[in-house]
Amino acid sequence: MDTRFDTVLEAKGYIDLPIDPSIDLIAEIQRLKKEKNAVILAHYYQESEIQDIADYIGDSLGLSQQAAKTEADVILFAGVHFMAETAKILSPEKKVLLPDLKAGCSLSDSCPPHLFAKFKEQYPDHLVITYVNCTAELKALSDIVCTSSNAVQIVESLPKDQKIIFGPDRNLGAYVQKKTGRDLVLWNGACMVHEIFSQDRINGLRAEYPTAKFIAHPECEDHILAKADYIGSTSGMLKYTIENSADTFIVATESGILHQMQKASPSKTFIPAPPNNLCACNDCPHMKLNTLDKLYNCLYYELPEVVLPADVIQRAQKPIERMLEISERLGL
């Protein structure tokens, strides 16, 4: 391999080579997909142009399910690092690519595995459930992985006397506690995107649009969730906007999901819930690191590639597969 890639990837996290401005990027990406037997998986929080070129768009549960069953040789993951790691864990024999290695996650960063391991030692009789938004190393320390789509159901599927540690998201954990009535030991982590919504600005929008439904992701803080007409995962929120008769929705999650909501219900109005800064909507800076240019170079050069130690893959597979088994059994 050309050694210039090592230097570039270490410094920037992505292949920063010029692209012929005359080429049709979308057509070339489609051609490369066929040539390399590649599949593009994209999260709802990606830019709309990336969502539109993806073979599958979904939330963490759906993306995990797709990564586990794809027959492609190459998985190009348009998302953040922990998502690409999950794909590699579920399909270790496949090449997994991520357009920008620096596309991280504030929630994942809030739970360093070595600190969580010490935390876990304090509760030796507890089963560990971790939200999928975490590193492969943290998954390897877990008994079951969950997503916001299935966290409540997974906890409810366990015996009532089972003691549980839940991490790394304290807000999702608190929501699961409230829904299940279970006493969970929570790790004190959070997602920057879901913790900066402004209650005052949301109240202002609700006064301006009195018939609008306010919907929120369970990673939001409790005072935001307390005002919501619906609380659910990204895919759950999308389904709600399709099925609900309201014509206007105020949406408290990363603004990328609004693209799919608008495509599914073109006659409805979708308003991003505003953060407590000067911005009109709430974007994840990590998700938005991915661009069409980076995606093209990633597929063309088949770099950056996500590689994990075999022992981490082996240990992390079990809690993820347990999540998928429970989800399948519950019809999720």
Side-chain angles (χ1 to χ4, degrees), residues 42-52 54 57-63 78-80 83 105-107 131 133 147-152 169 171-172 174-175 179 190-288 290:
H43 194 274
Y44 286 127
Y45 297 167
Q46 292 295 289
E47 294 284 7
S48 57
E49 59 187 4
I50 292 178
Q51 292 186 42
D52 290 342
I57 310 154
D59 61 6
S60 294
L61 175 59
L63 291 166
V80 293
M83 296 178 176
C105 171
S106 60
L107 175 55
Y131 187 28
N133 297 33
T147 72
S148 55
S149 295
N150 59 23
V152 169
D169 191 286
N171 294 322
L172 177 59
Y175 172 75
K179 293 290 286 185
C191 164
M192 61 183 284
V193 172
H194 291 94
E195 281 219 317
I196 63 170
F197 288 112
S198 166
Q199 186 67 69
D200 289 342
R201 295 179 73 188
I202 291 169
N203 290 342
L205 279 176
R206 300 198 77 176
E208 186 177 351
Y209 301 94
T211 63
K213 295 292 184 181
F214 174 51
I215 61 177
H217 193 281
E219 285 182 44
C220 295
E221 294 175 293
D222 184 64
H223 68 95
I224 298 292
L225 298 180
K227 303 288 187 179
D229 297 298
Y230 173 81
I231 301 166
S233 67
T234 325
S235 59
M237 295 168 79
L238 175 59
K239 183 180 180 183
Y240 179 83
T241 62
I242 294 170
E243 296 178 350
N244 192 274
S245 60
D247 60 7
T248 304
F249 299 85
I250 300 167
V251 183
T253 192
E254 213 275 353
S255 61
I257 186 59
L258 271 68
H259 178 60
Q260 292 302 318
M261 290 177 173
Q262 199 69 70
K263 285 179 70 174
S265 304
S267 64
K268 296 182 180 181
T269 300
F270 301 96
I271 305 165
N276 54 12
N277 54 38
L278 297 178
C279 297
C281 60
N282 208 353
D283 288 341
C284 172
H286 301 288
M287 285 283 187
K288 297 306 194 270
N290 295 316

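What you see is a predicted model; the values in this text were computed from it and never measured.
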- Is any side-chain heavy atom of Ser148 less than 4.5 Å from a side-chain heavy atom of Tyr175? no
- If every non-hydrogen atom of Ile231 is compared with every non-hydrogen atom of His217, which pair is closest and at what distance? CG2-C, 4.4 Å
- Message: Has Asp229 got a side-chain atom pairing as donor or acceptor with Ile215's backbone, closer than 3.5 angstrom?
- Response: no
- Query: How close do His223 and Gln199 get, heavy atom to heavy atom, and via which atoms?
  - Reply: O-OE1, 2.9 Å
- Note on the structure: OG1 (Thr248) and CZ (Arg206) are apart, to the nearest 0.5 Å, by 12.0 Å
- Query: Counting distance only, does the side-chain N/O of Asp283 pair as donor-acceptor with the main-chain N or O of Pro285 below 3.5 Å?
  - Reply: no
- Task: Mind listing the closest non-hydrogen atom pair of Ser149 and Ser235 along with its distance?
- Result: OG-OG, 3.7 Å
- Between Asn290 and Gly79, is there a donor-acceptor pair closer than 3.5 Å when you use the side chain of the first and the backbone of the second? yes
- Mind listing the closest non-hydrogen atom pair of Leu238 and Ala264 along with its distance? CD1-CB, 4.4 Å
- Here the gap from His259 atom NE2 to Ser48 atom OG, rounded to the nearest 0.5 Å, amounts to 4.5 Å
- Can you find a heavy atom in the side chain of Met237 that is under 4.5 Å from one in the side chain of Ile257? no
- Task: Find the distance between CD1 (Ile250) and CG (Leu205) and round it off to the nearest 0.5 Å.
- Result: 5.0 Å
- Item | Approximate separation, where rounding is to 0.5 Å, of Ile50 CD1 and Ile57 CD1 | 11.0 Å
- Are any side-chain N or O atoms of Gln262 and backbone N or O atoms of Lys268, one a donor and one an acceptor, separated by less than 3.5 Å? yes
- Task: Evaluate the side chain to side chain contact (heavy atoms under 4.5 Å, CB included) criterion for residues Val251 and Leu258: first the C-alpha distance (whole Å), next the side-chain angles of each, then the deciding distance (0.1 Å), finally the verdict.
- Result: CA-CA 8 Å; Val251 183; Leu258 271 68; 4.0 Å; yes
- Non-hydrogen atoms of Ile202 and Pro274 that approach each other most closely: CG1-CD, 4.0 Å
- Only one of Met287, Gln260, Met261 clears side-chain contact (heavy atoms from CB on, under 4.5 Å) with Tyr44; which? Gln260
- Query: So, does Ser255 use its side chain to make a donor-acceptor pair with the main chain of Pro272 at under 3.5 Å?
  - Reply: no
- Message: Quick one, Glu254 and His43 - any side-chain contact, counting heavy atoms below 4.5 Å?
- Response: no
- Query: Between the side chain of Glu219 and the main-chain N/O of His194, is any donor-acceptor distance below 3.5 Å?
  - Reply: no
- Query: Looking at Ala273 and Ala252, what are the two nearest heavy atoms and their distance?
  - Reply: CB-CA, 3.7 Å
- Over 12 non-hydrogen atoms of neighbours within 6.0 angstrom of NZ in Lys263: yes
- Nearest 0.5 Å please: distance from the OG1 atom of Thr211 over to the CZ atom of Phe249. 10.0 Å
- Task: Apply side chain to side chain donor-acceptor pair (under 3.5 Å) to Asp59 and Thr234, showing your working.
- Result: CA-CA 6 Å; Asp59 61 6; Thr234 325; 5.2 Å; no
- Query: Where do Tyr131 and Ser60 land on the side chain to side chain contact (heavy atoms under 4.5 Å, CB included) test, with the steps shown first?
  - Reply: CA-CA 10 Å; Tyr131 187 28; Ser60 294; 5.6 Å; no
- Query: What distance do Phe214 atom CZ and Ile271 atom CD1 have between them, rounded to the nearest 0.5 Å?
  - Reply: 11.5 Å
- Report yes or no: does Lys288 contribute a side-chain atom to a donor-acceptor pair with the main-chain N or O of Tyr45 at less than 3.5 Å? yes
- Spell out, as yes or no, whether a donor-acceptor pair under 3.5 Å connects the side chain of Gln51 to the backbone of Gln46. yes
